[in-house]
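Heads up: the structure comes next, in structure tokens.
We use all heavy atoms of the structure for the numbers below, so side chains are in, but hydrogens, waters and symmetry mates are not. For ligands, and for the atoms within them, numbers begin at 1 and follow the listed sequence.
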Amino acid sequence: MRLLLVLALVCSAYGKNEELEGDSLYKIRVQDVDQAQTLNELVNIFHLDVWSHPLPERDGYILVDQQDKLFFENELNAAGIEYEIEINNIKESIDLEEQLLSKTVGRSNVSSFGGFFEEVRRYDEVDRYLVDLANRYDHVEVVSGGRSFEGRDIKYLKISTTNFQDQSKPVVMIESLIHAREWITLPVTLYAIHKLVEDITDQDLIRDVDWIILPIANPDGYEYSHTTNRIWRKNRATDYVGCDGVDLNRNFDASWGIASGWFSCLDTFHGRSAFSEPETQIIRDILSEHRHRLGLFLDIHSFGSYILYGYGTGQLPPNGLIIHLVGVSMANAIDRVKWEANRNYLVGNIASVLYPATGGASDYAQIVGNSLSYTYELPAYRNQVNTMLGFLVDPEFIEQAGYETWEGIKVAVRYVAQNF
Ligand code: 0X9
Ligand code: ZN
């Protein structure tokens, strides 16, 4: 029995991220719209994993399977598209990330549960942390929103000095990890919780608004990205023909199915219908409960340094101008204190700055809340001496990410508090 257990452990350790061995991350620079178009075609032909979309002036990153590399390079050369191999073997970078992150565990002792915003913690630890905060602080309540496909409890915090009874206050909702592999978003959201619960330096933020914070929207995908495949994006639904997983950020009822993946093996697969997945139903239900006084909704993703707003079809919401201006104020606030080597944030409508994408959480929140709704794409923090980039988290930057993003969040929250 013991031998079997050891064998199982060895096999699972061996299998982890093994299929990524030899895959390369390409840095791509497009000069004009034609090149961007050609690149999109290549992405579709090779089913490439676009980590961030190249724009003229902004390099993109694309992961390419070992066996497709030669072909891909030939096509890029033919189209005159500039590229560089940024990371030759992504598996090595993933191993390095694991090594660096494991050194940080328990490094901090802010409280018995300290350091959640300085580390990348697993689902179980975060789950216990949320319950612990609710036990320890009067203005915090923990709520179970429902269960994920694999049965994990999706918990969120309600933070309020008036127990959500004061209907004149706006509600601010922050949610993260809809996409499993975007690990940096978790400590960033936990930093916000820390500043509203354990280290309150801005009293007005809890006096003037009610908060809903849901740190792990896709717990199954998140755990899978730790145990099996570091670059997993979707949830872990297994009830589709073809492949597992739905892109939860294409599964909301906001022009559902128009600009998204129709087939289960695509990374942007929208599911069988709007809200087919339990994880998106949970966010839908929270929004529906608070829609009459929703002031702000933030969906935290990574990466690319963007503050995006709807709609994913390209059409603008009725209050598009205000949305844009508040977005720019947030971006400026972050840029003032950002990690110096990073680029400035870019603010705009998702379809005009990146690509059309429908069924997104922030579009749905924009529609039902009719207020301010954004998708944050956090920066890819990078230390030039190692090969960690994009979704991979260098612990050196975790706290900075939380700190600078919080500077941006505060701007929109204060705008909402004053104008609600
Ligand atoms: O494509 C996405 O789902 C988001 N980018 S990511 O690289 N994190 O996958 C952007 C979605 C933004 N959608 C709307 N604002 N509607
Ligand atoms: Zn994302």
> Looking only at atom types and distance, does a side-chain atom of W256 sit under 3.5 Å from a main-chain N or O of H270, one as donor and one as acceptor?
Replying inline: yes

Sub-4.0 Å heavy-atom approach of Q366 to ligand 1: no

re atom 1 (O) of ligand 1, the protein heavy-atom contact at minimum distance is Y355 OH, 2.5 Å

> Looking only at heavy atoms of G304, does any of them come nearer than 4.0 Å to an atom of ligand 1?
Replying inline: no

For S302, the atoms of ligand 1 under 4.0 Å from one of its heavy atoms are 8 (N)

The ring-ring contact (aromatic ring centres under 6.0 Å, His included) partner of Y26 among F72, F46, W51 is F72

Discussion item. Tell me if a side-chain donor or acceptor on R343 pairs with a main-chain N or O of G304 at a distance below 3.5 Å.
Written reply: yes

Per side-chain hydrogen bond (donor to acceptor under 3.5 Å, both in side chains), R233 is matched among T268, D267, N249, D247 by D247

- Any donor-acceptor N/O pair, T358 side chain to A259 backbone, under 3.5 Å: yes

One finds that the ligand 1 atoms under 4.0 Å from a non-hydrogen atom of S362 are 14 (C), 15 (N), 16 (N)

> Going by heavy atoms in the side chains, are K16 and I94 under 4.5 Å from each other?
Replying inline: no

If we number the atoms of ligand 1 from 1 as shown, the ones under 4.0 Å from a heavy atom of N249 are 2 (C), 3 (O), 11 (C)

Note: A254, heavy atoms under 4.0 Å from ligand 1, region reported as neither

Rounded to the nearest 0.5 Å, the CG atom of D68 sits from the NE2 atom of H47 at a distance of 10.0 Å

Counting only protein N, O or S atoms and ignoring waters, those under 2.8 Å from the Zn ion (ligand 2) are H179 ND1, E182 OE1, E182 OE2, H301 ND1

D49 side chain to I62 main-chain N or O, any donor-acceptor pair under 3.5 Å?
no

What orientation do F252 and Y364 show, parallel under 30°, tilted 30 to 60°, or perpendicular over 60°? tilted

Within the structure, does T375 bring an N/O atom to less than 3.5 angstrom of an N/O atom in ligand 1? yes

protein heavy-atom neighbour closest to atom 9 (O) of ligand 1 works out as R233 NH1, 2.6 Å

The complete set of salt bridge (charged side-chain N to carboxylate O under 4.0 Å, His left out) pairs with one or both residues in residues 372-395, sequence neighbours excluded, reads E86-R382

Closest to atom 16 (N) of ligand 1 among protein heavy atoms sits D363 OD1, 2.8 Å

among protein heavy atoms, the one nearest atom 7 (O) of ligand 1 is E377 OE2, 3.7 Å

For N229, the side chain to side chain contact (heavy atoms under 4.5 Å, CB included) test, sequence neighbours excluded, returns N17, E19, L20, Y224, I231, W232

Using non-hydrogen atoms of the residue, decide whether R250 is closer than 4.0 angstrom to ligand 1.
yes

Mind checking whether D247 has an N or O less than 3.5 Å away from an N or O of ligand 1? no

**Message:** Under 4.0 Å between a side-chain nitrogen and a carboxylate oxygen: does that hold for R414 and D202?
**Reply:** yes

Residue pairs meeting ring-ring contact (aromatic ring centres under 6.0 Å, His included), one or both in residues 330-350, sequence neighbours left out, come to W339-F397

Going by the 4.0 angstrom heavy-atom rule, the piece of Y311 near ligand 1 is neither

For H301, the ligand 1 atoms with a heavy-atom partner under 4.0 Å come out as 8 (N)

